[in-house]
Chemist: 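Following this message is one structure expressed as structure tokens.
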Amino acid sequence: MLGCLLGAVVGDALGVPVEFRSREQLSADPVTGVRGHGTYDQPPGTWSDDSSLLLATADSLIHNGYDPPDMMARFLTWLKGQAYTPHGAVFDVGIATRSAIARHAHGAPASEWGCRSERDNGNGSLMRIAPLSLFTRALAPAEIVRCSMEVSGLTHAHPRSQLCCAYFSLLLAQVVQGRPLAQAMTTASQQLAPFVPDAEREVLAAILDGSIVEAPASAIRGSGYVVHCLEASLWCAANHPSYEAAVLAAINLGEDTDTTAAVTGALAGAMHGRAAIPEAWLRALASREYVETLCERLVARIEADVS
Ligand SMILES: [Mg+2]
């Protein structure tokens with residue numbers, strides 16, 4: 001489980017300097033390890049909003065257990081620059097996430113926080129769901145789905161984003177038990193099936209039938225669209241033998257490099273374990289001790305829970 005959480009943060013940090021680069025630009029100058037500066041001119045090892053929101057979720061679970069409004073309160077604390085940042089400042093935030101946090105801050109009821117339109121299906125909830133996935137991993141599949149959809153819905157309340165989060169949680173629940181990825185995908189898909197409305201079936205088809213892992217690289221996108229992000233993460237993790245190779249492949253797809261690498265990093269980290277994360281990448285991580293301690297505390301809390 002530690003590999004999953006740290007794997008996400010490390011992947012995010014590796015992707016930050018080249019966010020928005022195209023695949024063509026990256027194929028001419030591929031990322032092979034830790035870099036600095038670039039898109040946001042941040043020092044090497046700087047992680048972004050993806051990890052900030054993931055760490056805020058983890059901290060909420062450590063202190064309050066399953067309490068989605070408490071998660072949202074912590075997201076607001078982050079957006080104000082008061083916590084969960086690598087260097088004390090927020091340098092990136094997604095549009096849907098920002099508007100949802102603003103509705104929360106202005107006192108709207110929880111049912112109105114998350115964005116609901118089909119255009120609001122960015123990867124902003126998928127990138128922060130892993131702590132919740134681990135926290136709920138031992139629950140019945142229907143409960144994992146319910147909690148994942150609710151936590152996605154804090155910011156991303158369209159069924160497509162919610163279903164991608166639910167699938168990812170069901171998948172991680174299998175992977176952290178040691179199931180091979182292909183088997184975990186089949187199980188997650190079967191468990192999610194009763195919750196998939198007809199309107200979402202086609203757009204999620206390549207994930208649900210597992211065919212996405214056989215797709216050619218040219219069919220995989222690293223965009224900020226939640227379906228592209230989940231497809232890319234499955235593809236990168238399935239077609240590369242190590243954490244390191246999967247995360248670099250995710251970054252070198254281009255576009256939303258930090259988030260594709262964060263989600264891929266969570267999955268590949270869960271598959272290969274903490275020891276598979278290159279020590280040099282961990283060493284470069286901004287506020288490494290803070291990140292590691294927080295992730296360790298969540299894992300300890302989950303392991304202590306008799307659930
Ligand atoms: Mg980011």
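Note that ligands are numbered from 1 as they come in the structure, with each ligand's atoms numbered from 1 the same way. For clarity, every value in this text was computed on a predicted model and none was experimentally measured. Numbers for residues simply follow the sequence, beginning at 1.
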Chemist: The test is side-chain contact (heavy atoms from CB on, under 4.5 Å); show your working for F195 and R146 and say whether it passes.
Modeler: CA-CA 10 Å; F195 303 94; R146 186 184 67 78; over 6 Å; no
Chemist: Check whether any N, O or S atom of E19, backbone or side chain, sits closer than 2.8 Å to the Mg ion (ligand 1).
Modeler: no
Chemist: Under the rule for salt bridge (Lys or Arg N to Asp or Glu O under 4.0 Å), what residues qualify as partners of E255, not counting sequence neighbours?
Modeler: R221
Chemist: Just checking: D258, one of its N/O/S atoms, less than 2.8 Å away from the Mg ion (ligand 1), yes or no?
Modeler: yes
Chemist: In D50, the N, O or S atom nearest to the Mg ion (ligand 1) is which?
Modeler: OD1
Chemist: Any non-hydrogen side-chain atom of L253 less than 4.5 Å from a side-chain atom of C236?
Modeler: yes
Chemist: Find out whether L181 and L267 are in side-chain contact, i.e. whether some heavy atom of one side chain is under 4.5 Å from a heavy atom of the other.
Modeler: yes
Chemist: Using the Mg ion (ligand 1) as the apex, give the angle to atoms OD1 (D49) and OG (S48), rounded to 10 degrees.
Modeler: 80°
